[in-house]
Visitor: 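Questions regarding the structure given below will be posed in turn.
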Amino acid sequence: MTTDQDLPMDGQPATAVFAAKGIDVTPIKDQGVIKVVKHQGVDKERPMIGDRVTVHYTGRLLSGKKFDCSRDRKEPFCFNVGKGQVLKAWDIGVLSMQRGEVCTLLCKPEYAYGAAGNPDKIPPSSPVVFEMELLKFEGEMLTDDGGILRRIKVKGDGYTNPNDGARVDVHLEGSCGGRLFDCRDVSFTVGEAEDKGVPYGVDRALDKMQKGECCLLYLKPKYGFGSEGKPEYKVGPDKDLVYEVTLKDFQRAKESWEMDLNEKLEMSLEVKRKGNQYFKAGRHYQAIIQYQRIVSWLEMECGTGIEQQKKIQDFLLTSHLNLALCFLRTKDFSQVVENCNKVIELDESNEKALYRRGEARLHRNEFSMAMADFQKVLQVNPSNRAAHAQISICQSKIKEHHEKDKKTYANMFQKFAEWDAKVCKLTVLGYIHSSVTKEENTKSNNTKC
């Protein structure tokens, strides 16, 4: 194990020490990044491509001059390793490290700041030395709620990814609690993986993958087999899953700009049927994918005649209404309101849109706005019994809310009154104490000779 004293920073001796004690960690072994371990890591696990890593670093020229240091800023640095977000030397070096490891990297210019260098800091074509400490790392979150975490074992080729509707060939290995329950090659259409018994989370991760990529996907129950589980795989309800997925090949679906309007309308009919099929089966997330495809194709289309315009509007109305219903089921109420608003822009007296928006607002405790929506429903259809019932609920909730406010403010004012009384009492006591003290001092002065 080497120390700072083992790595003198005076040009040739430094490179000689690296040559003697370091290892070449570049894939092509061109001596571009030489690594010397100063302190071993706490375990044998290393980051994978795409992992979110946290490091401390100090950068120096071979002269020993420091040009950058995260510790001076008292803040570690985070990035997704292997994604080209940082210097090439960092991507290569950090992927070779273990958690807790401290190492020094000697980096050739082509792996660091190149022929140009960095103005005012790095001279042109300069080798540099970085001391790196790997504090922690974790997989890449593919969803905002942390439901899908990816760790890339083998990086894929190229820059294109499957899109919704793409045809993919994959190899899957699914496990639950360390037990392998699924191992197979399978082909399916992205957005329709459910048809082949492939969980929603795998389907949603595919548009982030490249051909040849092999990754581990850690799926929360929402993105796995949910509260139902998968009896044929002997997977119980609400279980976390791990899938190793290899994207062997794929054929992208046509993008919106690659299709003419007639083709979009034909595809919309087919995709709508698929979405309805998923909705009836209770697969709301899968249904959402289908309806959103229709919206993406048609929302910017105008049509050339009355018939085309009507078809476009009918598809958009139906898709937004169905999306609102799906999002009600998944409890994403902001999306319900957004999709209902889109319908109301096209048809301001749409009964279903007004009712569903009212439901979403009721769930969001926006009682007055919800009641206004249900009242508009009754203006459109006075015999809508459900809207009458919802108005009663809104009125009850508003009353309940006002009663809570009354109690809250009453308690608040009571506390203020008690505090004022306490302050007043202390003030009076202080005044009395001051007066007594003054009187005693006067008497004392009068008795002095």
Visitor: When the aromatic ring centroids of Trp90 and Tyr111 are compared, is their separation below 6.0 Å?
Guide: no
Visitor: Side-chain contact, heavy-atom cut-off 4.5 Å: Arg167 with Phe250?
Guide: no
Visitor: If we ignore angles and hydrogens, is there a donor and acceptor under 3.5 Å between the side chains of Lys264 and Ser256?
Guide: yes
Visitor: Would you say the side chain of Cys103 lies within less than 4.5 Å of the side chain of Lys38, judging by non-hydrogen atoms?
Guide: no
Visitor: Can you name the salt bridge (charged side-chain N to carboxylate O under 4.0 Å, His left out) partners of Asp240, sequence neighbours left out?
Guide: Lys220
Visitor: Return the CG to CD1 distance between Asn322 and Ile294, rounded to the nearest 0.5 Å.
Guide: 8.0 Å
Visitor: Any side-chain heavy atom of Ser187 within less than 4.5 Å of one from Val168?
Guide: no
Visitor: Show your working on side chain to side chain contact (heavy atoms under 4.5 Å, CB included) between Leu134 and Gln98 and close with a plain yes or no.
Guide: CA-CA 7 Å; Leu134 180 57; Gln98 299 171 350; 5.9 Å; no
Visitor: Distance alone, cut at 3.5 Å: any donor-acceptor contact between the side chains of His171 and Glu173?
Guide: yes
Visitor: Is the shortest side-chain heavy-atom distance between Leu247 and Gln210 below 4.5 Å?
Guide: no
Visitor: Quick one: does NZ or CZ of Arg60 land under 6.0 Å from the six-membered ring centre of Phe130, within 45 degrees of the ring axis?
Guide: no
Visitor: Which is it for Val55 and Phe79 under the side chain to side chain contact (heavy atoms under 4.5 Å, CB included) test, yes or no, and what are the steps along the way?
Guide: CA-CA 9 Å; Val55 301; Phe79 63 98; 4.1 Å; yes
Visitor: Starting at OG of Ser296, measure out to CD of Glu255 and round the result to the nearest 0.5 Å.
Guide: 8.5 Å
Visitor: Stepwise, does the side chain to side chain contact (heavy atoms under 4.5 Å, CB included) test hold for Glu338 with Phe327?
Guide: CA-CA 10 Å; Glu338 185 176 322; Phe327 285 122; over 6 Å; no
Visitor: Taking the side chain as everything from C-beta on, heavy atoms only, tell me whether Ile393 gets closer than 4.5 Å to Met371.
Guide: no
Visitor: Considering residues, nucleotides and ligands other than Lys208, do more than 12 of their heavy atoms fall under 6.0 Å from its NZ?
Guide: yes
Visitor: Consider only side-chain N and O atoms of Thr26 and Asp24, and report whether a donor and an acceptor are under 3.5 Å apart.
Guide: yes
Visitor: Would you be so kind as to tabulate the donor-acceptor pairs closer than 3.5 Å made by side chains of residues 225-234, with sequence neighbours excluded?
Guide:
| unit_1 | atom_1 | unit_2 | atom_2 | d |
| --- | --- | --- | --- | --- |
| Glu228 | OE1 | Arg283 | NH1 | 3.3 |
| Glu228 | OE1 | Arg283 | NH2 | 3.3 |
| Tyr233 | OH | Arg184 | NH2 | 3.1 |

Visitor: Could you go through residues 271-280 and list every donor-acceptor pair under 3.5 Å that involves a side-chain atom there, pairing it with any protein atom two or more places apart or in another chain?
Guide:
| unit_1 | atom_1 | unit_2 | atom_2 | d |
| --- | --- | --- | --- | --- |
| Lys274 | NZ | Asp195 | OD2 | 2.7 |
| Asn276 | OD1 | Tyr291 | OH | 2.5 |
| Tyr278 | OH | Asp195 | OD1 | 2.9 |
| Tyr278 | OH | Asp195 | OD2 | 3.4 |

Visitor: Checking side-chain polar atoms at under 3.5 Å, does Asn262 have a donor or acceptor matched by the opposite partner on Gln308?
Guide: yes
Visitor: Under a 4.5 Å cut-off applied to non-hydrogen side-chain atoms, are Met141 and Ile148 in contact?
Guide: no
Visitor: Is there a salt bridge (Lys or Arg N to Asp or Glu O under 4.0 Å) between Arg356 and Glu351 once you walk through the steps?
Guide: CA-CA 9 Å; Arg356 289 169 192 174; Glu351 184 177 353; over 6 Å; no
Visitor: What is the distance from atom CD of Gln313 to atom SG of Cys302, rounded to the nearest 0.5 Å?
Guide: 12.0 Å
Visitor: Would you give the length of the straight line joining atom CG of Asn80 to atom CD of Gln85, rounded to the nearest 0.5 angstrom?
Guide: 4.5 Å
Visitor: Applying salt bridge (Lys or Arg N to Asp or Glu O under 4.0 Å) to Arg364 and Glu366, what does each step give before you reach the verdict?
Guide: CA-CA 5 Å; Arg364 289 165 60 173; Glu366 297 169 348; 3.3 Å; yes
Visitor: Quick one: do the Tyr355 and Asp373 side chains pair a donor with an acceptor below 3.5 Å?
Guide: no
Visitor: Between the side chains of Ser70 and Asp72, does any donor sit under 3.5 Å from an acceptor?
Guide: no
Visitor: Is there a side-chain contact between Cys214 and Glu244 in this structure, where contact means two heavy atoms from C-beta onward sitting under 4.5 Å apart?
Guide: yes
